[in-house]
Structure formats: C-alpha cells, structure tokens
Q: 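Have a look at this one.
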Number of protein chains: 2
Amino acid sequence: MHGTPPSIIPDVLQRCDHCAVRHQAVCGAMDDVQVKKLAQIAHRKKVPAGQTIISDEEPVDFFANVISGAIKLTKTLPDGRQQIVGLLFAPDFLGRAYSKHNPYTAEAATDVEICTFPNAAFERLVGEYPGLQQRLFQHTLDELDAARDWMLLLGRKTAEEKVASFLHMLARRSLLTGCVHKASPGSAAFELPLTRSDMADYLGLTIETVSRQLTRLKTSNVVRLSTNRLIMVPDLDRLAQAAGQDNHRH
Amino acid sequence: MHGTPPSIIPDVLQRCDHCAVRHQAVCGAMDDVQVKKLAQIAHRKKVPAGQTIISDEEPVDFFANVISGAIKLTKTLPDGRQQIVGLLFAPDFLGRAYSKHNPYTAEAATDVEICTFPNAAFERLVGEYPGLQQRLFQHTLDELDAARDWMLLLGRKTAEEKVASFLHMLARRSLLTGCVHKASPGSAAFELPLTRSDMADYLGLTIETVSRQLTRLKTSNVVRLSTNRLIMVPDLDRLAQAAGQDNHRH
DNA sequence: CGACATGTTGAACCTCATCAACCGACGTGG
DNA sequence: CCACGTCGGTTGATGAGGTTCAACATGTCG
C-alpha cells in the first residue's frame, strides 16, 4: 500500500550456487551453464513488510523468485473490501507470463527477499530453454489448484473450519520445509506469516471472528499458542478434522 | 454423479473445418495440416445434462474441447457440501496437462457436446507444436484469473452482489458469443445455463437465497425474467453496479 | 391425471459482522 | 522517565444477512 518503490540491492557477485532455493525454484529446471546466464540478469532485493511489490494499476517489468518471507496477492473492491487470492512462499514464483498486466496487487506480508529478473531478458531465456516454460506452466497449474481449493473453503466452510484449514495448510508446509523439530510424528510447530487482519482477508472473515475461532481452537486443545504468532499443533489429524478436510488425501 | 460412462459417438468423418470452434479453441493455434492430424485422433461426444464426465476419483485418459453447452467443475466436502470451482463454455478446454489426476469432478450442467482427444496422442501433438502448449498455458492463466476473481466474490461479496456478478458475467459472455440481438447497446439477453441449485453451488449460497436475490433484482428492474431461465438485462451498467464491480474495466 | 423435479415464498433461527471497550507492546517526544 | 499515541490483538453486546425448515406453486413427463 506504500507508494515508495522497493529499494533495489543489486548483488551481482551473488552466486546462485549458494541460493537457498537454487534447486526448487524455476531455476531448478536449468543446468549450471544456464543458471550462470540467469545469474547475470538476476538481482536480489529486500522488501520490508507491508510494501507493495506489484500493483494492479501499473505494468510489471520483472519476474521474481521468492527467497524468503511471504507475499500476499490481493484483490480489492471499489469500496475497499479486500480478499487475498494467493500466498507466495519460499521457492514460489511471482509474475505473469504473456502479459505486463497483473490483475492483482502483490504486497510483502512479512519482510521478504526476492530474486528479480527483468522481463525481456527472462522471456528470452524462456524461449531458449523449453524446460523453463514447462516449469512455469506447472507452477501455474499448482496455483490454479490452490485457488480452487480456496474457493471451496470460501464458499462452503464455516469460520472455524476456515481458520483450521489455514493452520493446517501452514502446518503441512512447515513439515516439508526442512528444519523440523518433529518432536512427535503427527505434530507440527510454525510461525504465522500473517497478521489477524491478513488472515481475515485470506479467509473471507473479519479479524474479530478469526481471533474468536483461534481461541476456540486453543481452548479445545487443537492448537497451542505460545505467542500471538507461534503455533503448536499436537495432532495434525484433529486439526484436519476441525478443518472439515478429506484427510485420506495430502 | 451418475456412475454410467458417457456414450461415445465417434465421428471420424466429421471435418474440423466445419467445427463451430475451429478457430477459437486450442486448435486455433494450428494450421490446416496440423488440424488434419488432430482430426484423426478426435472424437465427438454428446453428454446429457447431469452426467459426470470426469471424476476426481478416477484417472483421466483424454482431453476435450467444449463445442456447446456448459460443464461445471465441482469440489465436494466429505459431508456433501459442494462448490462449483469453474464453468466451461464453448471454446474452452477440459483436461489437465502433466497429470492423469484431476482434483475435481467435471459434470455436464446442460446437454453438452465435446470433442475428445486421447491423452497420449494429444500429448504427442503438444510436443510437436509448441504453439499448442503455449495456448494451453494461456488458457490455464485465464482460468487462474477467473478463479481468483471468484475468490473475491466468494469471500467478500453480499448475496445480491454475487447473483448480480454471475448474471453480469453471463451477459458479457452473451455479447461476445456472436448471435446477439443487440436491440439497444448496453443491454443483453441470454439463457441461464445453470439451475438454481447449481447457481447456489457456484456462488456459495443456498437455492432459497439465490431465488430471493433474483426476485429482488427483478423487482428493482435490474433484470427481467421471461421464463425461469431467460434473462433480459436492460442496462448492463446498472447490473455491474449491483455486482459491486469495477466497471471501468472489462 | 398423478408423480416428480424445479423454483418461490414465509417464518424462525443462527452464524458471523458490526460497534465498542479494553489490553499489552512499542516508539516517540516532552 | 513517564505520558501519549499507535498498532495488533482480544473480548463483549447487539443485530443483520443468510441458512434452515416448511409449505406451496409451477412445469414436465409417463
């Protein structure tokens, strides 16, 4: 929502070899030679929480990989009602093929690190390496699946199921993303990347309802909160059940 | 929801040249020589309303173009609550690249005609003609945009805005799809492709609420209903306003 | 004609939004 | 140092928008 442009910290010396997402992000489709080409057009950028990265009102001239942090994609009605239509995490990709115009706004939900590529140069690379286009396509399909899952949530789930589903998604995510304490199998612990207000915008609720449902889940011992942001899930199956989920999947 | 497989009416003699969607569907990316190849693997199929085309529980072994009618993509919670996560119309494409498994069910909302291609053969063609893959990618991006628009609707719009948005979408569609009476500019007339029950599942409402909001729009003269299914919109801008839309777009 | 599916309307209820007060943490300036 | 404003979050009271349950209307098909 800030008008100021994100500060650019070019990092030409940065070797992709040491990048945390080298083998997961779109560059995972490329061999070392290709990645070197990519490195030449890439720029690391740090974006503080709350800053707008892409606005739906301005053309976009770059693509980006998310290195760390969370980015929210939002849509807003003329009267200000807002909905988060997508969340991007570590190896995800930001940007739209075939169009300079994004139909939504991208904003840093937390402090964020991204690796940007200028539009033209990146599209040239996509032309050279068909594997890259396929990777982008695959990523878009995943985003579509996620969006449709969320449509089911927004249209048909209760407030408690919505909150539980959100936590369940993060919990699953935390299990995949390395560094797990895996204290006991079937449990998880993670940090909330969103404020209550953002959670509300993601779930189609109000902050008050989100807060109430969280305390409900807390008092029924489905989750534990150490701070406002640190969540501990003792039993993932119970959480999945509270989320009204197909738990024979995922 | 029916268990019976759709009846297959192979139509080898059918020339793609005469196909209503020859230049709009994915085949629009192909020249006449390529289309001839495509015609050899294509089969026309008629599917009666209500019949399941693709189930999320069975692998899919074909792709398809929609020739006529409407197909709904649905997701269902274990307890039966249902949400339509996508609607496919005439030149749209059904099927999922890179995966035999669809995470949703496709069902004929009206009587439907589709043009199917066996998986393997089609993927071979995609490999040969890069334009085809790009076309599929583009289509997926459009579906993603539509899904995210719908997330905003499901999460943040009121019942009246939801119904109005749905009608507005169909009205816009009816203007693009040839055969318009364009009695007066800014007006539109079309047939509802969905039952009240399906509309409810699409909008995250109940049939009763859909019905009530329709009569509200009717009594406030935003729309006119000749039959239950035939809609007349005298002023598209008023409808857009009732939909809570950005009307400086689209 | 009766049976069944689709759609409308009414009344009661309930979930969630709204409005408001309050809490703790943090930063700033007198 | 403390008063203060601000921000993120919680909790309570109230009410509206939609759901639910039920009755009825309409249309279609054997």
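Residue numbers begin at 1 in each chain, while the letters A, B, ... track the order of the sequences.
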Q: Going by the ring pair (Phe, Tyr, Trp, His ring centres under 6.0 Å) test, which pairs reach into residues 221-242 of chain A, not counting sequence neighbours?
A: none
Q: How many Å lie between CG on L203(A) and P on dT15(C), as a whole number?
A: 19 Å
Q: What is the distance, rounded to the nearest whole Å, between atom CG of L214(B) and atom C1' of dG7(C)?
A: 10 Å
Q: How close or far is atom C1' of dG9(D) from atom CG of L194(A), stated in whole angstroms?
A: 15 Å
Q: Within this structure, what is the CD1-to-P distance between I231(B) and dG7(C), rounded to whole angstrom?
A: 11 Å
Q: Without decimals, in angstroms, what is the distance between L217(A) CG and dT10(D) P?
A: 12 Å
Q: What pairs meet the salt bridge (Lys or Arg N to Asp or Glu O under 4.0 Å) rule with one or both residues in residues 208-219 of chain B, with sequence neighbours excluded?
A: E160(B)-R216(B)
Q: Can you list every ring pair (Phe, Tyr, Trp, His ring centres under 6.0 Å) pair that touches residues 44-84 of chain A, not counting sequence neighbours?
A: F63(A)-F93(A), F63(A)-F122(A)
Q: Give every residue pair that meets the side chain to side chain donor-acceptor pair (under 3.5 Å) criterion with at least one member in residues 196-205 of chain B, sequence neighbours excluded.
A: R156(A)-D201(B), K72(B)-D198(B)
Q: Grab the CG-P distance between L192(B) and dT6(C) for me, whole Å please.
A: 15 Å
Q: For nucleotides 25-27 of chain C, tabulate all protein N/O to nucleotide N/O atom pairs closer than 3.5 Å, reporting atom names and distance.
A:
none

Q: Taking only the side-chain nitrogens and oxygens of R196(B), find out if one of them lies under 4.0 Å from OP1 or OP2 of dA5(C).
A: no
Q: For residues 220-236 of chain B, which residue pairs pass the side chain to side chain donor-acceptor pair (under 3.5 Å) check, not counting sequence neighbours?
A: none
Q: Just jot down the side-chain contact (heavy atoms from CB on, under 4.5 Å) partners of S68(B), sequence neighbours excluded, or say none.
A: E113(B)
Q: List the protein contact pattern of nucleotides 12-30 of chain D with one symbol per nucleotide (5' to 3'): B for base contact, S for sugar-phosphate-only contact, - for none; contact means a heavy-atom distance under 4.0 Å.
A: BB----SBBB---------
Q: Rounded off to whole Å, could you give me the CG-to-C1' distance for the D198(A) and dG8(D) pair?
A: 11 Å
Q: Identify whether the distance between the nearest side-chain nitrogen and carboxylate oxygen of K75(B) and D149(A) falls below 4.0 Å.
A: yes
Q: Holding to side-chain hydrogen bond (donor to acceptor under 3.5 Å, both in side chains), I want the full list of residues that pass it with D92(B), two or more places apart in sequence or in another chain.
A: none
Q: CD1 of I207(A) versus P of dT18(C): gap in Å, rounded?
A: 11 Å
Q: Between Q51(B) and K46(B), is there a side-chain donor-acceptor contact under 3.5 Å, judged purely by atom types and distance?
A: no
